[in-house]
Amino acid sequence: MRRRSFPAPAYRYMLNVEIVDYTESRYVSLFNDEAERLLGIKAEELNALQLSNSEAFERVFQSALLKEYVMTLRVKVREGEGRDGVVGFE
């Protein structure tokens, strides 16, 4: 059997968060670029923190909590299956 080597993976975010304002809350998915802006750290760096320093890893997430952000959301509407309406935020 021939062994092959592969380069290191390229880490990317898919971050699920709850956003809240004075009227309601929504769960949204943030992908790589948006998550990097929110957390202020690249996915590769966060992975290294998770493996080496769990306290610093947790601080990254804690520092993003309870701050004001301006966000533009995109939604998808799915029709059918007897339920029409918004099924998710992007």
If you compare all heavy atoms of Ala43 against all heavy atoms of Glu36, which two are closest, and at what distance to 0.1 Å? N-OE2, 4.0 Å
Verify side-chain contact (heavy atoms from CB on, under 4.5 Å) between Leu30 and Leu39, making sure each step is shown before the conclusion. CA-CA 11 Å; Leu30 302 178; Leu39 297 176; over 6 Å; no
Given the rule in the side-chain contact (heavy atoms from CB on, under 4.5 Å) test, do Phe57 and Asn47 qualify, once you have shown the distances and angles that lead to the verdict? CA-CA 8 Å; Phe57 174 79; Asn47 182 64; over 6 Å; no
As a quick check of understanding, evaluate side-chain contact (heavy atoms from CB on, under 4.5 Å) for Glu58 and Glu55, giving each step before the final call. CA-CA 5 Å; Glu58 289 296 325; Glu55 289 179 9; 5.9 Å; no
Co-membership, hydrophobic cluster, residues Leu15 and Tyr69, 4.5 Å side-chain: yes
Would you indicate whether the side-chain heavy atoms of Phe61 and Val17 approach each other to under 4.5 Å? no
Drop me the distance from Arg59's CZ to Gln62's CD, to the nearest 0.5 angstrom. 10.5 Å
Are the side chain of Asp21 and the backbone of Glu24 linked by a donor-acceptor contact shorter than 3.5 Å? yes
Looking at CZ of Arg37 and CE of Met71, how far apart are the two atoms once the value is rounded to the nearest 0.5 Å? 10.0 Å
Identify the heavy atoms of Ile41 and Leu46 that sit nearest to each other, and give their distance. CD1-N, 3.8 Å
Do Asn16 and Val28 touch side chain to side chain, with heavy atoms closer than 4.5 Å? no
Rounded at 0.5 Å granularity, tell me how far CD in Glu44 sits from OH in Tyr13. 8.5 Å
When rounded to the nearest 0.5 angstrom, what is the spacing between CG in Asn32 and OH in Tyr11? 13.5 Å
Hydrophobic clusters here meaning ILVMFWY residues chained together by side-chain heavy-atom distances under 4.5 Å, can you tell me if Leu73 and Leu38 are in one? yes
After noting the C-alpha distance and the side-chain angles of Phe31 and Ser29, does the key distance pass the side-chain contact (heavy atoms from CB on, under 4.5 Å) rule? CA-CA 6 Å; Phe31 296 97; Ser29 295; 4.2 Å; yes
